[in-house]
Structures are given as structure tokens and as C-alpha cells.
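Everything numeric in this text was worked out from a predicted model, so none of it was measured.
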Amino acid sequence: MNILFFILIALSFGVAAYHQIVDPLAAGMPSAMDALSKAMLDSAAGAVTLTLGLVGSMTLFLGLMKVAEAGGLLAVIARLLRPALIRLFPDVPANHPAMGAMIMNISANVLGLGNAATPFGIRAMQELDRLNPVKGTASNAMVLFLAINTSSVTLLPTGVVALRAAAGSQDPAGIVATTLVATTLSTLTAVITAKLLARFFPLGPAPVELPTASAPEEAQPEPSEPLPATETGAYPGWVSALALLAFFSIIPLTILWGKAIAPWIIPGLAMLLLGYGAVRRVRVYEVFVDGARDGFQLAIRIIPYLVAILVAVAMFRASGAMEVILTPLGALTAPFGLPAEALSMALLRPLSGSGAYAVLASIINDPAIGPDSYVGYLVSTIQGSTETTFYVLAVYFGAVGIRRMRHAVWTGIIADIAGVAGAVMICSLLYG
């Protein structure tokens, strides 16, 4: 991100300087450098204004999700997913703590609980490392878990919905259907790719350990106790099968009646999550406020990221550098439903989550594009259906000292491509 940020600024300055020197100044028109300066100041102020508008939506959604989490909704989904994961991970015993941690991580991702998913994911990697026959090298189970994690099926892309609402969208939840289709495709691609590539990237011998690379014995994590029964239990197989069938049946329904259903999603979601919490005797008001407080703090923390990337992107556009670089590439991808604006988003998303989030904000807040245009729907879907692949690989593998990632990087990249392709396909069908 450091390199990307500097390149954007340097290219913008260079292109603007070229136009300032070479292009004649039209009467009454600002010079290239004047336009660049104005874009920098306006985008910096706009980033703060955008964040203030985002605070309300973010606190609302995180408050609702906190109620659902406190009511045990994650545990219910975990019990539904267990039969499928046992078959996906034959090397992991059904009652091993790694299985429970993976299920909780995937469940949190399905519900859009990114903050809750990361601790579960790190714990899962630690437990999988105990089963790893070759320390320092990613096992098949580790690679498959990371592939599912970075491409997870998402029911509720709450952060993107909140950003669209803050941008003035008339249909902020319209991407729920498109994200569901795109993430389903990316997850299936990730699983198939991880399974197929495993045979071409054998575990091999254990890497040579350097004296300085070994962690002291006392620094190793303590063995985990078996998870509570509420986390490790499972529903009968037929119940899980019916639940998965019902889940996948949502896809054709959203394609056929997605526009009619969309206005019901946000109020219906609030009623469903709060009602679930009330039935489970959760103190819904207090828990909601607690979750909303986290949303407020999260919105404030992203101000520096938004300012940095929005200024860089505004300079990149105002200088004409974006047009110079993306126009030829966009000409190649536009016939396939991926215009230049969305192409920039697709290329940045695997590298920087905060950067892609800020680029998304700049695109849907552009009056010439807007959140409810085809491009607005497409970039919103790409944000919700792909993951910051390299960040996830670094954090999760770094937590257990994995140095040889085998086919994890390729699997993640292919899953990202599938997610973008799925986003283009479903957005073209519904909003093209």
C-alpha cells in the first residue's frame, strides 16, 4: 500500500505537470495544477464528511449484528455447517478444536462479522498447525481453510450496505443478492482450486530450521480445551442438508425478484435480528448500544485511510493519469462488463482492504457515477464478494510461522478472479 500510494501521487503530479507545461491554458479554465490542488483539498474535506455520514449506518448495522451474536445465532449456523466441513476437511478430527474454530470463523464471515471472524481464524490456524505434519509449511487443511475464508459466502455485506446508504443510494441493500451470487461462485472456485492444486504442490520435507527462527518453547500457544457443546454439536444430517438447500434456493429467488425484495431487506433484517435476540432473552437495547459503540469507533478509525486514499484517487483522476492508464485496459475489459472504474477496484481489492473501501467510496460518491448506476452496483458487489487476500494470508500464516505457503496464493488469486467474474455476471443481469 505504501508503494501504491506513492505511485498514485507521483504519477498524478507528473501528468499534471506535463499538462501544465505543454497544454495551453484556456480562458477562464483552471490550470492543471490548480485543478490538482482543488481536488486534493475537496477530497480531504469530503472524506471527513463521508465518514460522519457513515457513522450512523455503521453503528446501526453493527448494533444489530451484536444482538444476533449475543443470541447465539453464530452457534446455530456452526451446527448447521458441521456436516459439510467434516467432509471438506477429512484430515481434521470432527471433535478437534480446529473444527469448531473454523466453523465459528466461517459463520462470522457469512454474517459479515469481520471483527469476530479474525480471532476465530487465528485460533483455527493455531489448532490446524498442531495437526500439521510439516511445521513451517501450509498443510492442505490450512490452504483450504484460507481459501474458504478469503472467498466466504456472504449473506450480509453490512459495511458496503452502510456505505451505499451514506452515499445516498435509493437501494442500499440491492447488493445483497449480487454479493450472495458472486461469493457463492468464488467459494466454490476456491474449494475446487485448493483441492486440485494440492496434488501439484506436495508438502515435501520440513524446511530447515534456523536457530534464530525457532520460537522458545514457552512462547508456543497452550493446547486448547475442547469447545463447549453448544459449539461442537451438530444437527442431524438431514437438517443441515435442508438448511443448505434452502440457502442455495435464495439465489434464483434473488435473481428473479431481487428488485422487489430489496426494499424489505433493511427493515426486515432489523426485525429479524432484534426479534431473534428478544426470543433468546437478550437485553436487546443494551447489547445493541454496545455493538453500536464499536461501529462508531470503527467509523472514526477509518478517517485517516479515507483521507489518504481519497486524496490520492482524486489527484489520479484530476490529473488525467487514470484516463491515460485505465482507458486502454478498460477498453479491453469493458465489452465483458468491467469498465475502467470497476477495473481499478478489482485490481486494488486483493491488496488493500481499506484502500479498496476508500476507492469504492470515491466511485459511488462521484456524481457522474453514483451508487445506483451499473458501475455503482458492480464496485459495491466486488467489494463485498472479494477479500484482501494478501493481508489475510500474511496475518493467518504469520500467526503460526508458516513460511512455505504452497498453493495458497494461487488459490486466493483465482478465487478473487472468480468473485469479480461473478459480480460482473450478476450485475449485468440485474442492473446492466
Side-chain angles (χ1 to χ4, degrees), residues 1 81 84-93 96 98-99 101-103 105-106 108-110 114 117-118 120-154 182-210 213 346-353 356 382 385-423:
M1 193 59 197
L81 291 177
L85 289 190
I86 289 175
R87 290 167 175 80
L88 283 175
F89 297 92
D91 299 333
V92 181
H96 194 276
M99 187 65 74
M102 286 192 296
I103 290 174
N105 169 268
I106 294 171
N109 277 325
V110 167
T118 300
F120 288 129
I122 293 176
R123 180 184 174 186
M125 292 299 289
Q126 291 173 337
E127 298 299 337
L128 288 173
D129 193 48
R130 301 183 189 282
L131 301 172
N132 188 4
V134 183
K135 302 300 181 184
T137 298
S139 66
N140 289 338
M142 286 178 170
V143 174
L144 180 56
F145 169 64
L146 262 295
I148 295 174
N149 188 277
T150 58
S151 62
S152 178
V153 173
T154 303
T183 53
T184 299
L185 178 60
S186 65
T187 300
L188 291 175
T189 301
V191 171
I192 294 172
T193 303
K195 293 287 188 180
L196 291 178
L197 292 183
R199 65 186 65 181
F200 299 105
F201 293 84
L203 276 172
V208 177
E209 294 285 347
L210 299 177
L347 295 177
L348 182 60
R349 184 68 176 101
L351 300 173
S352 171
I382 291 174
S385 59
T386 56
E387 185 52 90
T388 315
T389 301
F390 293 96
Y391 169 81
V392 172
L393 291 174
V395 171
Y396 282 32
F397 280 149
V400 292
I402 295 296
R403 298 181 299 281
R404 182 169 170 246
M405 299 182 184
R406 299 175 64 216
H407 53 299
V409 174
W410 288 111
T411 301
I413 291 175
I414 293 172
D416 287 337
I417 294 173
V420 172

Please find the pair of heavy atoms, one from [X] and one from [Y], that lie closest to each other, and give the distance.
X    : Y    : result
T389 : G412 : CG2-CA, 3.9 Å
P93  : L131 : CD-CD1, 3.9 Å
A138 : V143 : CB-CG2, 3.8 Å

Would you give the length of the straight line joining atom [atom1] of [X] to atom [atom2] of [Y], rounded to the nearest 0.5 angstrom?
X    : Y    : atom1 : atom2 : answer
E127 : N132 : CD    : CG    : 13.0 Å
Q126 : L128 : CD    : CG    : 10.5 Å
L393 : L146 : CG    : CG    : 5.5 Å
M102 : R123 : CE    : CZ    : 11.5 Å
T411 : M405 : OG1   : CE    : 12.5 Å

inquiry  = For the backbone of S151 and the side chain of T187, can you confirm whether one donor and one acceptor N or O come within less than 3.5 Å of each other?
reply    = yes

Pairs under 3.5 angstrom only: tabulate donor-acceptor contacts from the side chains of residues 193-200 to other protein residues two or more places apart or in another chain.
unit_1, atom_1, unit_2, atom_2, d
T193, OG1, T189, O, 2.7
K195, NZ, L88, O, 2.9

Applying side-chain contact (heavy atoms from CB on, under 4.5 Å) to I417 and not counting sequence neighbours gives I413

Applying side-chain contact (heavy atoms from CB on, under 4.5 Å) to A182 and not counting sequence neighbours gives T381, S385, A423

Quick note, ring-ring contact (aromatic ring centres under 6.0 Å, His included) partners involving residues 128-149, not counting sequence neighbours, are none

Contacts satisfying side-chain hydrogen bond (donor to acceptor under 3.5 Å, both in side chains) that involve residues 138-150 (not counting sequence neighbours) are N105-N149, N140-R406

Legend entry - Min side-chain heavy-atom separation T137-M142 under 4.5 Å: no

Residues passing the ring-ring contact (aromatic ring centres under 6.0 Å, His included) test with F397, sequence neighbours excluded, are none

